[in-house]
2 protein chains.
Amino acid sequence: MTLKDLAKIAGVSISTVSKALNNSAEIGQKTKARIHDLANLYNYQPNNLAINLKTGKTKTIGVIVPSIQNNFFAKVIIGIEEVLNASNYNIIISITNESQEKEVAIVKTLSNGVVDGFLVAVGEETQVNQHVEHFNYANKRNKPIVLFDRVIKSLDFNKVIVDDKGIVNSVVKNLVKQDKKAIALVSAIYNLSVGQSRKEGYLDAIKGQQEAIVLEANVEDLERELKTLLDNTTVDAIVAADEDAALLALRVAKAKGLSMPRDISIIGFAPTKLAENVSPQLTTINQHGIDIGKKAAQLLVNKLEDSTLDPQRVIVNSTVVHRETT
Amino acid sequence: MTLKDLAKIAGVSISTVSKALNNSAEIGQKTKARIHDLANLYNYQPNNLAINLKTGKTKTIGVIVPSIQNNFFAKVIIGIEEVLNASNYNIIISITNESQEKEVAIVKTLSNGVVDGFLVAVGEETQVNQHVEHFNYANKRNKPIVLFDRVIKSLDFNKVIVDDKGIVNSVVKNLVKQDKKAIALVSAIYNLSVGQSRKEGYLDAIKGQQEAIVLEANVEDLERELKTLLDNTTVDAIVAADEDAALLALRVAKAKGLSMPRDISIIGFAPTKLAENVSPQLTTINQHGIDIGKKAAQLLVNKLEDSTLDPQRVIVNSTVVHRETT
DNA sequence: TTGTAGGCGTTATCAA
DNA sequence: TTGATAACGCCTACAA
């Protein structure tokens, strides 16, 4: 059922039907009513493709994330959904699995008539090699991009980031203030920029106070390293840069019979559900993923409505949720 | 940069450029080469909208899920991604938040030129009121639908389901065989069809063997009920129909000082990461979400390639992963 | 108040 | 081997 079909049935021209359905003032009341009824009767639905081709807008946003199993990104998407939905945008979610090849392919395909703009958390590969032509490509085609969480410094786009460095810094400083003499950082995400920021926060806080103890490795190696560390040194506190490291620290400490927080404190990044259900319950740094998503989406919607807006850099502060390990 | 622009630059007609870029045999080698070079030079990318409008195909699939924070759906999406990607389909993921209104809106919008077909896990609301016009609407418009996990019986579409009833049934039978005298079912998802199936599996297994003990409520009430139950009766085993109920059972049993599996066995549905990190580690029923996603996507791709294919009903079997609570 | 015609960027048929 | 031309479904000056 197209405008043409409807026009034939109504015995009027295509443009009359088009105008009637779009409630144009040019069309008479009775004609409008008649055509609306007809459209309902035949369950007419406009072809979005044609409208988009014509208008050059698609009212859909591409959301590109490295992973979806990651609780953080899932949360962000919920926030994005919420505001984009309210602003009547559709959402295309694409997952890169940290592959740059996929990231490039997705951005290029979606740039060409599929979406009006992007919300992206850059993949690992892109973050290390800083290959950003595909983003510039989209940008030149007037598809604004808002980067969130995993951003690229050199790109002058809207950005929503988490103050990873700052929150870790303050957490560690606090630990120092509590008279913890040996605070270790364990990380299984040393290859991600987030991991780097968190480490920097730690290093900055520890500098001049005590010797830095940094364990960075993949999960398996990390376990070994952590065991050796705890065997040979007394550690007062562990700050874990990611969920896996946090869980690992908890496990190893428990296995050694350390009591928390008496013998050792542990603070890590981990989703609430997990933190609440391990024992002892884990003190975590909460990143407010939903807020990040909302903010990023809002920035994009604003930019889409007013393309002259200058790029902003928004920081969404994380908060510490104290549980049983501190 | 459109075909027209390129044609002007190359000094040939639009159709020549089109054919050259599509590698038509009609065009001479040198011309082809020249035009390809030009296209590369000017970084020409075809407008997908126009292609889609012309061909009537979009090479994209709409995936509709009630939630994304649910680990199960996240897993399914990973499986879907994998096969759809291999078959060169794009993916649009939409989240209904269990709202029928949203489900209807999404299906209608996407049906009109946006996607070639759907992969859907029906929302709660739809599952209770069985309002399925929107699915029929899509189907009539030649947008095939594959239902997964949350399906509608009355719909004659391809379906990929989990044998919830069967696996719970066999788990409970096994418990009976192990001489558990009082096996309880706890569920916080009694309003979902999955919850119903799981309960049926339990009831069937327990029938004629022992008295059924079924606790169904929202998480808060469930906690109270479970405490009262354990205070007044000795329960040998608990089967939890969902993650929250499983976590709850574990917590309450621990709080009562029960040792697992000596005093009580617990088996529940829960994601691996959680099951492995609680203590004692939880024995779970693993649903193989990735396989479900793969299978569903494959069915859709097949249907898209050969529309005469009859709908299938595929069951993906779950398996029990024994950990410390059994 | 209604209709005609051109165009959005492609593909594809048919003619040259 | 190449080029006009129509068509996909819609919107919108402009004309009637």
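Chain identifiers are assigned alphabetically (A, B, ...) following the order of the sequence lines, protein sequences preceding nucleic acid strands; residue numbering begins at 1 within each chain.
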- Toward the 5' end of DNA chain C, by each residue's nearest nucleotide, B:Ser15 or B:Leu49: B:Leu49

- Could you pull out all residues at least two apart from B:His36 that satisfy ring-ring contact (aromatic ring centres under 6.0 Å, His included)? none

- Pick base, sugar-phosphate or nothing for A:Asn52, based on heavy-atom distances below 4.0 Å to the nucleic acid. nothing

- Message: So that I can tick it off, tell me whether B:Lys102 and A:Glu81 are bridged by a salt bridge, with the cut-off set at under 4.0 angstrom between side-chain N and carboxylate O.
- Response: yes

- Using side chain to side chain donor-acceptor pair (under 3.5 Å) as the criterion, list what pairs up with B:Thr58, not counting sequence neighbours. B:Asp116

- When all nucleic acid strands are considered with a 4.0 Å heavy-atom cut-off, which category describes A:Thr55: base, sugar-phosphate, or nothing? nothing

- Would you check if there is a donor-acceptor pair between the side chains of B:Ser18 and B:Ser15 at a distance under 3.5 Å? no

- Criterion side chain to side chain donor-acceptor pair (under 3.5 Å) on A:Thr16 and A:Ser13, from CA distance to verdict: CA-CA 5 Å; A:Thr16 301; A:Ser13 78; 3.0 Å; yes

- Query: Does some side-chain heavy atom of A:Lys303 sit less than 4.5 Å from a side-chain heavy atom of A:Gln312?
  - Reply: no

- Query: Between the side chains of A:Asn22 and A:Ser24, does any donor sit under 3.5 Å from an acceptor?
  - Reply: no

- Is a side-chain donor-acceptor pair under 3.5 Å present for B:Asn112 with B:Tyr137? yes

- Query: Given side chains that start at C-beta, do those of B:Phe118 and B:Val146 come closer than 4.5 Å, heavy atoms only?
  - Reply: no

- Query: Heavy-atom contacts under 4.0 Å between residues 2-10 of chain B and DNA chain C, which residues?
  - Reply: B:Thr2, B:Leu3, B:Lys4

- Query: About how many Å separate CG of A:Asn139 and CD of A:Glu133, when rounded to the nearest 0.5 Å?
  - Reply: 13.5 Å

- Paired with B:Arg150, the salt bridge (Lys or Arg N to Asp or Glu O under 4.0 Å) test is passed by just one of B:Glu98, B:Glu125, B:Glu124, namely B:Glu98

- Item | Donor-acceptor contact present, side-chain B:Asn70 to main-chain B:Phe72, <3.5 Å | yes

- Can you give the first and last nucleotides of DNA chain C, 5' to 3', that have an atom under 4.0 Å from a heavy atom of chain B? C:dC8 to C:dC14

- Item | Interface residues of residues 35-46 of chain B with DNA chain C (non-hydrogen, below 4.0 angstrom) | B:Tyr44, B:Gln45, B:Pro46

- Note on the structure: Nt span of DNA chain D in reach of chain B heavy atoms at under 4.0 Å, 5' end first, is D:dT1 to D:dG9

- Quick one: on DNA chain D, does B:Thr16 or B:Lys54 contact a more 5' nucleotide (nearest heavy atom)? B:Thr16

- So do A:Leu21 and A:Leu3 actually touch side chain to side chain, heavy atoms under 4.5 Å? yes

- Message: Nearest heavy atom decides the nucleotide; on that basis, is B:Glu26 or B:Leu53 closer to the 5' end of DNA chain C?
- Response: B:Leu53

